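Note that this is a predicted model, so its numbers are computed, not measured.
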Amino acid sequence: EKEVALRRKITIWFSIQSIYMPCVGTLRPVPPQEDRTRDDDDDTLNVISAVDMELNLPESLPTELRATLEAKLITKYRRLRLAQAEDAMGTMKRHLRKGSTLFKHKQDHTAGTGVAANTRMQTAIARQDGKTKLDADRYRAARAALSELCPNGKWRTRLRDLAEKDIRPPVRKQGES
């Protein structure tokens, strides 16, 4: 059911994309609804999964095809990716602060009070860590797209490469409140 809904949205995306990016028509020889191959072992049809469909976003296009796109489209897409990277960084910072607060609360109030309370806190902390990892992945994807679209842009000074060692909660220095 979710697969069908996603496939429908991707098909709509393909029709809109062909208007604004006609060069991707050469990359997609078969329309998505006809992406079926017959399996030799049995008579069932194998449908290409909607998750595996190539979206052909501007950063994934070859350089010669990207050069045929309108400059306004590339500018808008670059601004979208900048906003995505900044949004992901902001939410990652928020999730790191919340995880740090949960850990501090666990140390101060939950430690030694019982297994159930401790397990609930561990689950909440793990949930925040998962959200932080998703935010980091979103940031890296947006930054990778920007690197393809505008490799020497001004954005490089404020949106730096994110290493795993850089993803840590803020630490208060001695004497700060």
Side-chain angles (χ1 to χ4, degrees), residues 1-14 16-17 21 32 47-61 63 66 73-177:
E1 191 173 296
K2 289 182 180 181
E3 174 87 13
V4 173
L6 180 60
R7 179 176 290 280
R8 191 176 319 117
K9 288 178 182 179
I10 290 174
T11 304
I12 292 169
W13 161 253
F14 287 159
I16 293 170
Q17 187 182 34
M21 298 171 60
V47 178
I48 294 176
S49 173
V51 176
D52 295 331
M53 291 176 142
E54 188 68 36
L55 296 179
N56 296 316
L57 298 173
E59 74 269 10
S60 67
L61 294 176
T63 310
R66 196 178 317 138
L73 178 75
I74 295 292
T75 302
K76 287 178 183 177
Y77 190 74
R78 183 178 46 82
R79 288 176 50 202
L80 169 75
R81 288 303 198 164
L82 278 169
Q84 284 177 338
E86 289 171 354
D87 181 54
M89 183 60 73
T91 56
M92 183 172 53
K93 288 178 183 179
R94 190 179 79 237
H95 287 136
L96 283 169
R97 282 192 304 269
K98 190 172 179 182
S100 176
T101 302
L102 286 171
F103 187 75
K104 179 86 170 106
H105 178 79
K106 177 185 174 253
Q107 283 180 329
D108 294 346
H109 303 287
T110 309
T113 59
V115 174
N118 197 21
T119 302
R120 277 193 299 274
M121 279 311 267
Q122 286 293 97
T123 303
I125 292 169
R127 194 174 322 125
Q128 286 305 310
D129 287 344
K131 289 178 181 181
T132 302
K133 284 179 180 32
L134 288 175
D135 292 332
D137 291 342
R138 282 182 41 225
Y139 174 81
R140 288 183 184 119
R143 191 177 186 287
L146 284 168
S147 294
E148 280 293 318
L149 294 172
C150 184
N152 300 321
K154 293 180 183 178
W155 60 270
R156 283 196 172 273
T157 57
R158 71 177 188 276
L159 298 175
R160 300 204 174 134
D161 195 29
L162 183 63
E164 281 297 319
K165 67 179 179 72
D166 298 330
I167 303 173
R168 60 186 186 277
V171 179
R172 288 191 175 138
K173 295 179 183 173
Q174 201 72 6
E176 285 186 7
S177 58

Those residues at least two apart in sequence (or on a different chain) that pass side chain to side chain donor-acceptor pair (under 3.5 Å) with Arg94 are none
With sequence neighbours excluded, tell me which residues meet side chain to side chain donor-acceptor pair (under 3.5 Å) with Asp108.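 Partners of Asp108 under the side chain to side chain donor-acceptor pair (under 3.5 Å) test: Lys104.
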* Asked: Does anything in residues 146-156 pair up under salt bridge (Lys or Arg N to Asp or Glu O under 4.0 Å), and if so which pairs, sequence neighbours excluded?
  ->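 Counting only pairs at least two positions apart or across chains, the salt bridge (Lys or Arg N to Asp or Glu O under 4.0 Å) contacts touching residues 146-156 are Arg66-Glu148.
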Side-chain atoms of residues 120-134: list all donor-acceptor pairs with protein atoms under 3.5 Å, sequence neighbours left out, distances to 0.1 Å.
from: Gln122; atom 1: OE1; to: Lys106; atom 2: NZ; distance (Å): 3.4
from: Thr123; atom 1: OG1; to: Thr119; atom 2: O; distance (Å): 2.8
from: Thr132; atom 1: OG1; to: Gln128; atom 2: O; distance (Å): 2.9

Glu3 side chain vs Ser49 backbone, donor-acceptor pair below 3.5 Å
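Not a single qualifying donor-acceptor pair exists.
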*asked:* Between Trp155 and Arg78 (side chain of the first, backbone of the second, donor and acceptor by atom type, cut-off under 3.5 Å), is there such a pair?
replied: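 Answer holds: no.
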By salt bridge (charged side-chain N to carboxylate O under 4.0 Å, His left out) - contacts of [X] (at least two apart):
X      : result
Glu54  : none
Lys76  : none
Asp166 : none
Glu164 : Arg140

Heavy atoms of Pro169 and Ser100 approach each other most closely as CB-CB, 3.7 Å
Review point. What residues, two or more places apart in sequence or in another chain, satisfy side-chain contact (heavy atoms from CB on, under 4.5 Å) together with Ile16?
Key: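 Checked Ile16 against side-chain contact (heavy atoms from CB on, under 4.5 Å); matches are Ile12, Tyr20.
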Could you work out, with side-chain contact (heavy atoms from CB on, under 4.5 Å) as the rule, every residue matching Thr101, not counting sequence neighbours?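 Applying side-chain contact (heavy atoms from CB on, under 4.5 Å) to Thr101 gives none.
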Q.
Enumerate the ring-ring contact (aromatic ring centres under 6.0 Å, His included) contacts for residues 106-136, please, sequence neighbours excluded, ordered by first and then second residue.
A.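 Matches after skipping sequence neighbours: His105-His109.
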Donor-acceptor pairs are to be reported for all side-chain atoms of residues 81-91 against protein atoms at under 3.5 Å, with residues two or more places apart or in another chain.
from: Arg81; atom 1: NE; to: Tyr77; atom 2: OH; distance (Å): 3.1
from: Arg81; atom 1: NH1; to: Gln84; atom 2: OE1; distance (Å): 3.0
from: Arg81; atom 1: NH2; to: Glu59; atom 2: OE2; distance (Å): 2.9
from: Arg81; atom 1: NH2; to: Tyr77; atom 2: OH; distance (Å): 3.1
from: Glu86; atom 1: OE2; to: Arg158; atom 2: NE; distance (Å): 2.8
from: Glu86; atom 1: OE2; to: Arg158; atom 2: NH2; distance (Å): 2.6
from: Asp87; atom 1: OD2; to: Arg138; atom 2: NH2; distance (Å): 2.9
from: Thr91; atom 1: OG1; to: Asp87; atom 2: O; distance (Å): 3.2
from: Thr91; atom 1: OG1; to: Ala88; atom 2: O; distance (Å): 3.1
from: Thr91; atom 1: OG1; to: Asp135; atom 2: OD1; distance (Å): 3.3

[X] vs [Y] side-chain heavy atoms within contact, under 4.5 Å:
X      : Y      : value
Phe14  : Asn56  : no
Arg143 : Leu162 : no
Ser60  : Leu55  : no

